[in-house]
Amino acid sequence: MTVTDGCLSPRKAGILDHAGRIAPDRVAWREKNRFFHDEDERYLRFLIPPGSRVLDIGCGIGDTLASLAPSHGVGLDFCGRQIAIARQRHPDLTFVEGDAEDVVTLGALQGPFDYILVLDTIGSMEDCQKFIAQLHPFCTRDTRLVIGYFSHLWYPLLKFAELVGLRMPQPEQNVLSPADLRSLARLADFDPVKSEQRVLSPIAMFGLGRFLNRFVSVLPGIRQLALRHYLVARSSRRAREEFASVTIVVPARNERGNIEPAVARIPDFCSDIEIIFIEGHSQDGTFEEMERVKQAYPSKDIKVMRQPGKGKADAVFTAFDAARGDVLIILDADLTMPPEQLPKFVEALLSGKGEFVNGSRLVYPMDEGAMRFLNLIANKIFSYLFSWLLNQRYTDTLCGTKVLRRSDYQRLKAGKAYFGDFDPFGDFDLIFGASKLNLKSVDLPIRYAARTYGETQISRFRHGWMLLKMVAFAFLKIKAI
């Protein structure tokens, strides 16, 4: 579909005319500002993995879409001259000429897509809320909308850069802060998953720009001054997804006295519940107790396994790989997270309010002796650090109870090479993996109880040091990219 000035408002007709006039020089301008575009696309590649189905709205000459290496890439732009250049430069991608706010244009596109990218184009829209709302037909539960825009705080400096020939001239744009974009997304029934602000230097400065953008622009306080901000959101209308079965994984080492109570206390909140006990080289007869309990409860689907390696992560992921349930739940065998509270976790997932549900022990008052004071202080400090690192709120990263869909776990596992084998707990494998997948994470407060059998297997100083290393690891792999 060819867009004509008569179909557009005077403002958009002026933007189209400007885009047509600047089209022959677009490649030269990108080359002149190569460092900025490289920084921009570096973060987009972190958000959007290669091999995804991507719709790029306002694609220009298609270079950013091509840099994402999509398995199926569709670019939409209302400037025919730029679309012609895009088709010539990237013949392996599909480019469509049309107005992104036009229902007929959008209706002709074939979805769904894994990612919908709106890079700066939001600044040209007549009605941002209406435009975003029209994107739901291209979404599944897994689809993520990624919006990138300039900080309104940089507006005077950017206009000055245009005047002195350092930046491609731009028509008047909408002034939108990160909070504005989150609000518009919610009004259009898109649920913000996370937002990020990056890039202090749009120029290389002999290597200093890369250092500032990677390590400084993301720091608390300073990030509010960054040039670029990004929003990742999901369709609230597609968030719900039914499931038929649940697998509860109970990793246990020297927990013989908690095995039968775990089975007795797990509510029948689903018609098809699989319980997998996985034992980790115990010395108190835990494995034998698991076998006995399995025989004592023939009406329940109980499986007993021995983990092949060491550590909770090895136990959990071994059991996850063997699980058949649509939903996967971790329940620590110490039962300090009361099994009676598991239905709340599943409801949060079923309702679509969250895709990765993380238990939090640090909201409600806990039983006396349930957690030592120094552990409590350290957990609160680390919760603030990880909330900043992951751009989602975490009040407790080490609560053992975590819930996600098996399909999301399989995607998480497929992308595990990005992080490697770094986590003996398994908690951070899941938390970091969920963040990389842009899953909607929600914290669910629980009543943390004291142990009734056995002793804690957490060493406050050894594991505290390990947590500090996790912070550094997450900074390098998730933040400083």
Side-chain angles (χ1 to χ4, degrees), residues 47-48 52-53 55 106-107 109-116 129-147 181-195 231-249 267-274 320 323-330 341-360 390-394 401-414 430-431 433-446:
L47 294 175
I48 304 174
S52 302
R53 293 174 54 88
L55 171 62
L106 293 176
L109 299 177
Q110 297 296 313
F113 296 91
D114 301 319
Y115 292 88
I116 302 171
Q129 177 188 340
K130 182 179 178 182
F131 159 69
I132 296 172
Q134 292 178 161
L135 301 179
H136 290 286
F138 303 115
C139 298
T140 67
R141 182 185 70 83
D142 297 332
T143 300
R144 292 298 178 263
L145 169 64
V146 178
I147 301 177
L181 285 183
R182 290 192 295 269
S183 178
L184 286 166
R186 292 189 184 99
L187 288 169
D189 288 338
F190 271 83
D191 181 21
V193 174
K194 60 186 180 183
S195 58
L231 173 69
V232 180
R234 62 180 184 139
S235 169
S236 299
R237 300 178 190 175
R238 302 286 188 268
R240 291 181 63 94
E241 188 177 78
E242 298 294 329
F243 59 84
S245 56
V246 170
T247 294
I248 302 172
V249 170
D268 292 326
F269 57 86
C270 178
S271 60
D272 186 359
I273 297 178
E274 174 188 49
F320 274 8
R324 63 172 180 80
D326 299 326
V327 173
L328 304 177
I329 301 174
I330 305 171
Q341 298 189 36
L342 289 179
K344 295 194 302 182
F345 286 83
V346 176
E347 176 56 31
L349 200 72
L350 177 62
S351 68
K353 293 182 175 68
E355 297 168 305
F356 180 74
V357 189
N358 179 65
S360 175
L390 302 172
N391 294 314
Q392 294 198 64
R393 187 168 185 263
Y394 279 91
T401 306
K402 291 174 172 57
V403 180
L404 73 165
R405 295 180 185 272
R406 183 157 57 94
S407 59
D408 287 332
Y409 165 70
Q410 289 168 343
R411 291 198 294 141
L412 186 152
K413 182 182 176 184
L430 294 173
I431 290 172
S435 177
K436 185 68 171 65
L437 286 178
N438 300 307
L439 298 184
K440 177 71 173 186
S441 175
V442 294
D443 267 11
L444 200 156
I446 64 169

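What you see is a predicted model, and the numbers here were worked out from it, not measured in a lab.
Remark: R53 qualifies as a cation-pi partner of F113 under the 6.0 Å distance and 45° angle criteria applied to the six-membered ring.
A donor-acceptor contact under 3.5 angstrom links the side chains of R182 and S195, judged on distance only.
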Is there a salt bridge (Lys or Arg N to Asp or Glu O under 4.0 Å) between E241 and R234? Walk through the geometry before answering. CA-CA 14 Å; E241 188 177 78; R234 62 180 184 139; over 6 Å; no

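Checking each of V442, L349, L430, L437 against F356 for a side-chain contact (heavy atoms from CB on, under 4.5 Å) leaves exactly one that passes, namely L430. Tested against S441 for a side-chain contact (heavy atoms from CB on, under 4.5 Å), the candidates K402, Q392, R393 yield a single pass: Q392.
Counting only distance, with no hydrogens or angles, the side chain of R406 and the backbone of R324 share a donor-acceptor pair below 3.5 Å. Put simply, the side chain of Q341 never gets that close to the backbone of I446: no donor and acceptor are under 3.5 Å apart.
Residue H136 holds its NE2 atom at 12.5 Å from CG of L106, rounded to the nearest 0.5 Å.
Taking the salt bridge (Lys or Arg N to Asp or Glu O under 4.0 Å) definition, one finds that D142 meets it with R411, sequence neighbours left out. In this structure R186 satisfies the salt bridge (Lys or Arg N to Asp or Glu O under 4.0 Å) test with no other residue, sequence neighbours excluded.
Ion pairing between K440 and D408 fails under the 4.0 Å rule for side-chain N and carboxylate O.
For the pair V327 and F345, the minimum side-chain heavy-atom distance is 4.5 Å or more.
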